[in-house]
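Notes for the one structure printed next.
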Amino acid sequence: MHDAVWLNARLATMAGPVIPDGAIAATAGRISWVGERRDWKGGARVEHDARRAWILPGFVDCHTHLVYAGSRAHEFELRLKGASYEGIAKAGGGILSTVRATRDALPHELLALAKRRLGSWLAEGAAVLEVKSGYGLDRDTELKMLRVARQLDGLTIRTTFLGAHALPEEYRGRAEAYIDFVCDEVLPAAAAEKLVDAVDAFCERIAFSRQQTARVFETAKRLGLRVKLHADQLSDLGGAALAAKHGALSADHLEYASDAGIEALARSGSVAVLLPGAFYFLRETRLPPISALRSHRVPIALATDHNPGSSPLCSPLLAMNMACTLFRFTPEEALAGFTVHAARALGMQASHGTLEAGKLADLALWEIDSPAELAYAIGANPCVGRVRAGTVQ
């Protein structure tokens, strides 16, 4: 006897062909049966009529900076007047302005702000959200951010330590000393408190070198943590190859990644995470090397990259539309980017990303004629139901 079943459903399993007249059952929070409705012979304690809604896996947003304080709307205005992202950062704005606001915020204030933002993802059927630190750049604030992220509920949260996000003002001119601090004190403290699922770094001209990033990754490995990387966003520093060398879960951004870097990602099995919100918001002109990623069969995930400075985007649906219009994704690729490939980018492919028996019954119901509509309508939200671990929300 199954706990619950959804009948009269159209299923986009993301693991095979769509099922135009299907059923999906859940038991003990996991999918226990999925297939054609005519083949459903089991019983369930609760039967739900899906009313011909499409059922898909809940979205996985594998790259966000959801916990922070302050606004950078004034920087948006400066960029409209011609200022560059790098120029604003070098003048003391950018990430460091958010660091100052986040350091000043109390934990309950950060939590209230993050919960308010999170509502957008819940409304669009999200099942998993990755949240990075990186707006503290000191021990206490980095831990504060991670603790706040762990308190968010309504979906599954994965926390990523991003202490190597930028060089704080108190370490100006002393990048090596700051990396010592991150590796010797902050990351071990976060890991000891079990606040970290993965470790990220920003390898870029305005952030940290390949050598400094490698030190952070080596520390993560000693602590038993997987790594991922902000790679090749503004220049080709060989970030993709560095991520591949360290067996990273993902390399993210990749606008300037080289052919050699992409080949390395293909060999390593790392996921490429593309972030159309940042590309759009910063008015970038250099497209990620999508053709090369496709030809080398590198899995391509999508994410909102929600953050206050370069991608204040709160909608996976809009991110999918941007990927189609800006990056020429197909709607099918966009859906895979927020489901099966995004789950892999977090190391969660065993539990999320597809509708298959044994995976968590984290589902979203959509009132649409075809799954392609999810990447089509700008600003629409046709989500008509969420199921978390087999329970209707």
Side-chain angles (χ1 to χ4, degrees), residues 63-65 68 72 75 79 83-99 132-137 142 160-169 171-179 181-183 187 198-220 227-246 248-258 260-262 264-265 270 272-289 303 305-311:
H63 184 133
T64 86
H65 305 253
Y68 61 88
R72 298 204 342 235
E75 293 181 10
R79 282 199 302 275
S84 70
Y85 181 77
E86 288 185 75
I88 291 170
K90 288 177 180 178
I95 291 168
L96 293 182
S97 66
T98 302
V99 168
K132 303 178 190 296
S133 68
Y135 290 133
L137 309 184
E142 288 291 304
T160 297
F161 175 81
L162 183 55
H165 194 196
L167 189 65
E169 291 172 315
Y171 278 89
R172 183 174 297 173
R174 299 187 298 130
E176 291 296 332
Y178 179 68
I179 293 297
F181 172 62
V182 167
C183 293
L187 179 50
V199 175
D200 197 351
F202 189 15
C203 184
E204 193 51 76
R205 294 174 305 199
I206 60 172
F208 298 99
S209 70
R210 286 171 52 90
Q211 294 74 23
Q212 291 161 345
T213 300
R215 289 180 56 199
V216 175
F217 282 1
E218 288 157 7
T219 301
V227 300
K228 54 199 313 185
L229 185 63
H230 283 61
D232 303 331
Q233 178 187 8
L234 305 173
S235 62
D236 179 12
L237 290 189
L242 179 65
K245 177 182 178 180
H246 288 271
L249 288 166
S250 69
D252 303 23
H253 286 290
L254 297 176
E255 281 87 343
Y256 286 82
S258 66
I262 292 167
L265 290 176
S270 300
V273 180
L274 302 188
L275 306 168
F279 182 90
Y280 164 81
F281 197 71
L282 296 178
R283 295 189 294 174
E284 295 289 354
T285 57
R286 185 179 179 110
L287 289 165
D305 187 20
H306 175 82
N307 73 80
S310 64
S311 184

Just how far is it from atom [atom1] of [X] to atom [atom2] of [Y], taken to the nearest 0.5 Å?
{"X": "Glu284", "Y": "Leu275", "atom1": "CD", "atom2": "CG", "answer": "11.5 Å"}
{"X": "Ser270", "Y": "Leu265", "atom1": "OG", "atom2": "CG", "answer": "5.5 Å"}
{"X": "Tyr280", "Y": "Ser310", "atom1": "OH", "atom2": "OG", "answer": "13.5 Å"}

Heavy-atom side-chain proximity of [X] to [Y] below 4.5 angstrom:
{"X": "Pro168", "Y": "Val99", "value": "no"}
{"X": "Leu282", "Y": "Gln233", "value": "yes"}
{"X": "Leu287", "Y": "Phe279", "value": "yes"}
{"X": "Glu75", "Y": "Ser97", "value": "yes"}
{"X": "His253", "Y": "Glu204", "value": "no"}
{"X": "Asp200", "Y": "Val227", "value": "no"}

Test side chain to side chain contact (heavy atoms under 4.5 Å, CB included) applied to Leu237 and Tyr256, step by step: CA-CA 8 Å; Leu237 290 189; Tyr256 286 82; over 6 Å; no
Say whether, by atom type as modelled, one donor and one acceptor occur between the side chain of [X] and the main chain of [Y] under 3.5 angstrom.
{"X": "Ser311", "Y": "Asn307", "value": "no"}
{"X": "Ser133", "Y": "Phe161", "value": "no"}
{"X": "Glu142", "Y": "Gly136", "value": "yes"}
{"X": "Arg286", "Y": "Ser235", "value": "no"}
{"X": "Gln212", "Y": "Ala175", "value": "no"}

Using every non-hydrogen atom in the two residues, find where [X] and [Y] come nearest and quote the distance to one decimal.
{"X": "Ala201", "Y": "Leu229", "value": "O-CD1, 3.2 Å"}
{"X": "Glu255", "Y": "Pro289", "value": "O-CD, 4.1 Å"}
{"X": "Gly134", "Y": "Ile95", "value": "O-CG2, 4.3 Å"}
{"X": "Leu242", "Y": "Arg210", "value": "CB-NH1, 3.7 Å"}
{"X": "Ala264", "Y": "Ala241", "value": "CB-CA, 4.1 Å"}
{"X": "Ala198", "Y": "Leu249", "value": "CB-CD1, 4.4 Å"}

Presence of salt bridge, Arg215 and Glu176, under 4.0 angstrom: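 Counted as a salt bridge, because a side-chain N and a carboxylate O are separated by less than 4.0 Å.
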Donor + acceptor pair across side chains of Ser84, Arg79 (<3.5 Å):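 There is no such pair (donor and acceptor under 3.5 Å, judged by atom type) between the side chains of Ser84 and Arg79.
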Criterion side chain to side chain contact (heavy atoms under 4.5 Å, CB included) on His63 and Lys132, from CA distance to verdict: CA-CA 8 Å; His63 184 133; Lys132 303 178 190 296; 3.5 Å; yes
Plane angle bin for Tyr171 and Phe181 - parallel if under 30°, tilted between 30 and 60°, otherwise perpendicular: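 Parallel.
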Ring geometry between His165 and His230 (parallel below 30°, tilted from 30 to 60°, perpendicular above 60°):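 The rings of His230 and His165 sit tilted, inter-plane angle from 30° to 60°.
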Test side-chain contact (heavy atoms from CB on, under 4.5 Å) applied to Leu137 and Leu96, Leu167, Val182, Leu162, the passing residue: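 Among the candidates, only Leu96 passes.
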Arg172 atom CZ: more than 12 heavy-atom contacts under 6.0 Å: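 Open.
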Stepwise side chain to side chain contact (heavy atoms under 4.5 Å, CB included) check, Asp305 with Thr64: CA-CA 4 Å; Asp305 187 20; Thr64 86; over 6 Å; no
ring-ring contact (aromatic ring centres under 6.0 Å, His included) assessment of His306 paired with Tyr68: CA-CA 11 Å; His306 175 82; Tyr68 61 88; 5.7 Å; yes
Non-neighbouring partners of Asp232 that pass salt bridge (charged side-chain N to carboxylate O under 4.0 Å, His left out), sequence neighbours left out: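 With neighbours one apart ignored, the set is empty.
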